[in-house]
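To start, the structure under review is shown below, and the notes come after it.
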Amino acid sequence: MRIAAGVDVGSTQTKAVLAGANGDGISILARSLIDTGANVRKAAERAFDECCRQAGVTQGDVGFVVGTGYGRYNISFGHTQMTEISCHARGAHFLCPGTRTVIDMGGQDAKAIGVGPSGEVLDFVMNDKCAAGTGRFLANAAEVMGVGLDDIGPLSLRGTRPVKIATVCTVFVESDILSYLSQGKRPEDIMQGVHLAIAKRTLSLARRVNIEPLITMTGGVARNVGMVHALETVLGQKVVVSPDAQFMGAVGAALFSLEKMGESFESSVWREHAVSSRN
Amino acid sequence: MPLVAGIDCGSGFTKAVVAAQDSPGGELRILGRGRARSGINVDQAAEDALIQALAGNPKSDLNYIAATGFGRYSLSFRDIAITEITTAARGAYFLFPQPGAVLDIGSQTTRAIAVKEQGRVSSFKSNDKCAAGSGMFIARAAKYLEVPLEHVGELSMNAAHPQPISSICAVLAESEIINHVSSGVGVDDILRGIHDSLADRAGALLKRVGLQKELTFIGGVAHQQGMVRALEQRLHVKVKVAEDCEYVCALGAALLGLRRLASRN
Amino acid sequence: MSEYRGSIHQQQKDLMLDWYQRLDQAAEGGEPPTVSMMISGNCVELLEGFDAVPIYPEVNALQLAIRHQSLEPILAAEEMGYAGDNCAYVKADIGCMVKGITPTGGRLPKPTLVLCNFVGCNTYVKWFEHVAAFTGAPLFVLDVPFLRGEEPSQADIYYVVQQLKEVVERLEKLTGRKFDEDRFRQAVAYSRDVEELWSEVKHLAKHSPSPFDAYFDAITLMGPLYVYRGKREGVEFFRSALAELKEKVRAGEGVYDQEKFRVVVEGPPPYPYFRSFRDMFAHWKAVAVASTYSTVGGLWEFGFRHDPEKPFESVAMHMLAQNVTNRNYLQRYEQIRRYVQEWKADGVIIHFVKSCRLFSAGQGDMRDYLTRQVGVPTLYIESDLEDPRYFAEAQTKNRIDAFFESLEHAKHTAAHAVGA
Amino acid sequence: MDEFERTFDSLPEILGDLSFARVRDWKKQQEGRKAVAFFPVYAPAELVHAAGMLPVLLSGAGDRLDIQHADSRFGSFICSIIKTTMEMAMTGHLEPFDALLFSSICDSARNLCFVIKRNFPQIYTDFIHLPHSTSDSSVDFLTQEYRRIIHELERLGGSPIHDEALRQSIALYNGQRGLVRQLYALRAHSPHLLRAWESYLLVRSGYVMPVEEHITLLRQALEYLPTRSNKKRDAIRVVIEGSFCEQPPLELIRLLENAGCDVVEDDLVIAQRWFTEDVPLGGDPVRALAESYVKSSVYSSVRHDSQRPRWDGLAEKIRGTQAEAVIFLIAKFCEPAYFDYVLFKKKVDEMGLPHLLLEFEEKLFTFDRLRTEVETFVESLVFD
Ligand SMILES: Nc1ncnc2c1ncn2[C@@H]1O[C@H](COP(=O)(O)OP(=O)(O)O)[C@@H](O)[C@H]1O
Ligand SMILES: Nc1ncnc2c1ncn2[C@@H]1O[C@H](COP(=O)(O)OP(=O)(O)O)[C@@H](O)[C@H]1O
Ligand code: SF4
Ligand code: SF4
Ligand code: SF4
């Protein structure tokens, strides 16, 4: 069986996936997730090692590695790089067949991707200059409220009278929340307000691409049930979430790796790509 | 002798100044100043700040209370509400009596004001949507660089190789800053980098209202010498800082309060 | 570097230099007379009748941007009160005026006449109003009715011809010169020849590989096209250009050693990042086989020619219906569709420039038309043509890479279906 | 007579009604007759009226519609009214209309016209080129252009438009415009009798109700208002300039007044005055209408006349009303207004008047920042 890897070096967390292909199709062999931290290069290596360990293979067994995410050019062992946009589309197409729209909410950016019938990117928009409405916004809110990341989602679901969050600035939201707390508002209502605010913000951006079903949410924030629910509320449509949502970029990268292995390495674009990335 | 209070209900801190003036145009006596975290109960914060400012005098002696700042309308015991832009201009002009540009950087807002004779506002521009240009940015940075806010100023003063901050977002800048730390960049150089980026943003606003050779810098951030230095170097201007810079709006309010009082009786 | 550098690039430089010298000379002694005009649907032929020289503020503005000098005048204009969202061409031009910056290097004369031939661009009317207000130069607004239908009506043509004659009278008064009708007719004849040659050049891009880039290279050829269209030098220039490019076709030489993608580009380029923008395409060996921007000054590849038999009418016709800016938005859709299909393109790049609502307002709908109706992959990116502050290099590269990755992937899956 | 006061409460509903119920009703009553919507700023309503159709101004969706689809058609840096109009079209709100008219006011609006044409081919959508020059040939041209529109309307309505009918329509609209001028004169003279937001409602309602009804409304207003017992306010007399197309939220207009401004002149929906004098009734009515537009329109940022500069027009307004200040109330991303601001500002500075620039969007949620700016402006004038 052919083994290939995808490594998604995100701003916040680094994800690696090993995928294998044999006669009866493609399967995910291992996945690993670590905080990116300051040393991007190291993070990528650690994530990759961890994957190989899980799968019980050596790096030598891995035929091809595609790097993606904002830190993709820092991956020393990658054969080539691809944008997270292509990878998320590819991954979603594979794990959630029929996907036409991908909404990726990561640590520091949010994207919407229009996906074609064969998993190709039709169109996309991203917010990467302002942390408003990203995972970071939520993480901040959670911190101010003294709630763990895993709990904010469930908490917000319990809200009944969501508060109105005026600001979208990740910094100023603190003071909003604090004043609501001291006004005696219930944490679940505040959290629901926060989630809805982000959902609105994200969708106003996402609507620049034609949002069509099937809508798949990817990225770490997809692990937040409250956010998924908020998106569905604002959209008025169902949103699909794969258990591997946060790994979607890495999965897509791994799939591309397999495709690369399936063809000769002479394809000039890939070469040039790999070279240009080093300098 | 009329006793007047100016209260600046800022988004971060509430500041009060109590002043007296025996005759209109006569010499002004500042009885005291007070400062309290704003929180949500504006009256409470104002009360606390006012008590300090009254320096022992009973509150009942006050003839007039002028409220200013973001929370001015929430202050129940006010005689008048005036915007923080008007009061900033008045206060600044009182301290440095000549027309020119005034820069006010507070917790959540940055303002550039062009001031003309008698401290009248001729034009102004403000930024209150994005934290990247505000005192909050520094306050946060100081927090996770584990530097007390009071020391931010001189640290950044001593920066030898300011570390530019490329991100235009206070939040995205944080990961950038963390990378700097872990790659061994000095805290002072990082803080100065932040001050430089703040100075550039302030510069954009100031240019819109018109900036000459000099600039009066007020608001809490003016405490930070590093910021002052950054402004001087990036904008090539002489920066004048009022001592007790974050009380300037409260002072301006008190001054206008006195005028209203005079015109009343 | 990837792009084509033939002898015509030197010729082009020389021609433009001559032009600037004549402007400098006019700034010196007030002779020859000069007329500032908009590039789009310009009536440069008319000026020949007075031996007058055109001034194209846009050309100056874009030169400034390419040389990374546009920000200073833009900021100067914003300090005057122009909004961050005003067309940056205007801000750069006005900014230069007040700051005494000379975008061309040489001096610029105060125009004998500010001729506002705004075709389709309302912003242009404001621009020239302001220029006139700030310089005190006389202003003539040549009101070109926007193309509401497929073709201009008799009333439209009559209206424009009337005004062209008013312009002639005005210029006779201002220059004290008699309008030379024969020179005018001669100029129109030269234009016809230039258009014939230029159109042939455009059609060479149908070959694969294309001998030149119909966006980036076309822009370098646009200077002579607007300044020298009505002159013999123009005819000679484009004759040699055509010969040179034909030779490349014969030799099978393309822009890149191996042409990988053929695209159509809509919208003006980000001049402040012209070089790096081009590299982003070169990186993927993607060549533009056609572009709408190169038809701002005139749309000739579909057959229109000036006609010395009907000089005034054909000039009017050109202004009304044969340049991309005065044609209606749906005609631009149609133009792009023909490019995609007749020039055999793999995709379309829409470059939204915030300055220019004429080009950009509604490009989302255009993308909808192209992807759904025409079924061609379309990339939509935003920046600006003059203001360097709106170009995010990393993000733009990311988007362009993602686009070509998906084209690559589509070709690849078409070839042999691997994966899911 | 305080039942008239109640009209001020009812009008916002009528103006904000995106289902255009009144238009639907009108069509029901007038079996088979058509309604024609036109995008700001100007359209020859007389032609539509003479065709027996109902002319209605499309004035955006205020804060009553979420942009869900329009953003994907019109990108960043485009004003709100373009997007809300597109949104209304894409969400079926324009269904009551049989025709849409646009004109050459700005590049965004022009492109919107053709985008709508593509997406809604069933509606007759047309673009009127209003000349940007004032020569006699411009009058000839516009006459031809109007004849073209008349021809299209005749096709749409299935019956010819006679000169006599057109003359009657012109006479009606002359009357309406005359009353609006009186209304503005009243306000300029005694602003305490008519608040800006009230006159705005009175005038703008003339764009959605039949002109005959509107004339009645204006008559009643002019009768009633002088009898009001409001007392004079100590406020600054300001001219509002820049809101000729996209309209500010009503709350913003109120905010200006509460901050201490008396609005004595404004160009909100161009105050529907169009022309500086009545359109002549003799001769060829089509030509008369064209001539009035070319030669004697009230100035606006989307109409160009190198003979009579707009900034002189603003100066006249200021002098005519003894205004003490100018507030430039400009829609975000409105390029014509942005450009004119520069030369308007130059003029107002020369006149030594203070001025303030405010940017708005149809839809605003928080007014705090605007309030602070207006109050500061007022304070800078009242505190000596
Ligand atoms: N269990 C969880 N519940 C809610 N949010 C989570 C959880 N795990 C991660 N996140 C969010 O996901 C973000 C990281 O997502 P990711 O897609 O990896 O971002 P990036 O790729 O930019 O590093 C974090 O900022 C965090 O807010
Ligand atoms: N002693 C100090 N040293 C350094 N910075 C200070 C000091 N005091 C206040 N600041 C800065 O000033 C900001 C508050 O300024 P202030 O003008 O009071 O804001 P506001 O009026 O909006 O509440 C804080 O965010 C902090 O960054
Ligand atoms: S608004 Fe807040 S989150 Fe957005 S860029 Fe500014 S600081 Fe960053
Ligand atoms: S708006 Fe567009 S066409 Fe008009 S001047 Fe600006 S760039 Fe040129
Ligand atoms: S508001 Fe201004 S930019 Fe928008 S459509 Fe109206 S005139 Fe054009």
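All figures in this text were calculated on a predicted structure; none of them were measured in a lab. Chain letters run A, B, ... following the sequence lines, proteins first and then strands; every chain starts at 1.
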Just wondering, more than 12 heavy atoms not from C:Gln154 lying within 6.0 Å of its CD? no

Measure C:Val144 against the heavy atoms of chain D and call it side chain, backbone, both or neither at under 4.5 Å. backbone

Which bit of C:Glu78 is near chain D, if near means a heavy-atom gap under 4.5 Å: side chain, backbone, both or neither? neither

Region of D:Glu145 in contact with chain C, defined by heavy-atom distances below 4.5 Å: side chain

Sub-4.5 Å heavy-atom contacts with chain D: which residues of residues 360-368 of chain C show up? C:Ala361, C:Gly362, C:Gln363, C:Gly364, C:Asp365, C:Arg367, C:Asp368

Atom group of C:Phe140 that falls short of 4.5 Å from chain D, counting heavy atoms: neither

Hey, does D:Asp107 have a side-chain heavy atom less than 4.5 Å from the side chain of C:Tyr329? no

Just to be sure I understand the criterion: a residue of residues 129-144 of chain D counts if one of its heavy atoms is under 4.5 Å from a heavy atom of chain C. Which ones qualify? D:His129, D:Pro131, D:His132, D:Ser133, D:Ser135, D:Ser137, D:Ser138, D:Phe141, D:Gln144

Quick check on the interface: out of C:Glu166, C:Met80, C:Gln331, who has the most heavy-atom pairs with chain D under 4.5 Å? C:Glu166

Residue-level contacts of residues 156-165 of chain C with chain D, using a heavy-atom cutoff under 4.5 Å: C:Asp156, C:Tyr159, C:Gln162, C:Gln163

C:Gly84, C:Ala132, C:Pro145, C:Ser153: which one forms the most heavy-atom pairs within less than 4.5 Å of chain D? C:Pro145

Contact part of C:Cys116 toward chain D, heavy-atom cut-off under 4.5 Å: side chain, backbone, both or neither? neither

Test ring-ring contact (aromatic ring centres under 6.0 Å, His included) on D:Phe127 and C:Phe146 and set out the steps. CA-CA 9 Å; D:Phe127 183 82; C:Phe146 189 72; 5.6 Å; yes

Atom group of D:Ile330 that falls short of 4.5 Å from chain C, counting heavy atoms: neither

Please round to the nearest 0.5 Å and tell me the distance separating atom CG of C:Asn86 and atom CZ of D:Phe333. 11.5 Å

List the steps, then state whether side chain to side chain contact (heavy atoms under 4.5 Å, CB included) holds for D:Glu335 with C:Cys87. CA-CA 8 Å; D:Glu335 190 145 48; C:Cys87 170; 3.8 Å; yes

C:Ala77, C:Ala83, C:Ala133: which one forms the most heavy-atom pairs within less than 4.5 Å of chain D? C:Ala83

Interface residues of residues 109-121 of chain D facing chain C - heavy atom cut-off under 4.5 Å: D:Arg110, D:Asn111, D:Phe114, D:Val115, D:Lys117, D:Arg118, D:Asn119

Which bit of D:Tyr341 is near chain C, if near means a heavy-atom gap under 4.5 Å: side chain, backbone, both or neither? side chain

Return the CZ to OG1 distance between D:Phe339 and C:Thr123, rounded to the nearest 0.5 Å. 5.5 Å

Of all heavy-atom pairs linking C:Arg357 and D:Ser108, the shortest is CD-OG, 3.5 Å

Relative to chain D, which segment of C:Leu147 carries a heavy atom at a distance below 4.5 Å: side chain, backbone, both, or neither? backbone

Under 4.5 Å from any heavy atom of chain C, what part of D:Arg310 do you find: side chain, backbone, both or neither? side chain

Donor-acceptor pair, C:Asn122 side chain versus D:Ile105 backbone, under 3.5 Å? yes

Please report the shortest heavy-atom distance between D:Ser76 and C:Phe352, naming the atom on each side. O-CZ, 3.1 Å

Check each of C:Val125, C:Val141, C:Asp143 against D:His304 using the side chain to side chain contact (heavy atoms under 4.5 Å, CB included) test, and report the only one that passes. C:Val125

For D:Pro309, which atoms come within 4.5 Å of any heavy atom of chain C: side chain, backbone, both, or neither? neither

Do D:Arg148 and C:Arg148 make a side-chain contact, defined as non-hydrogen atoms from C-beta onward lying under 4.5 Å apart? yes

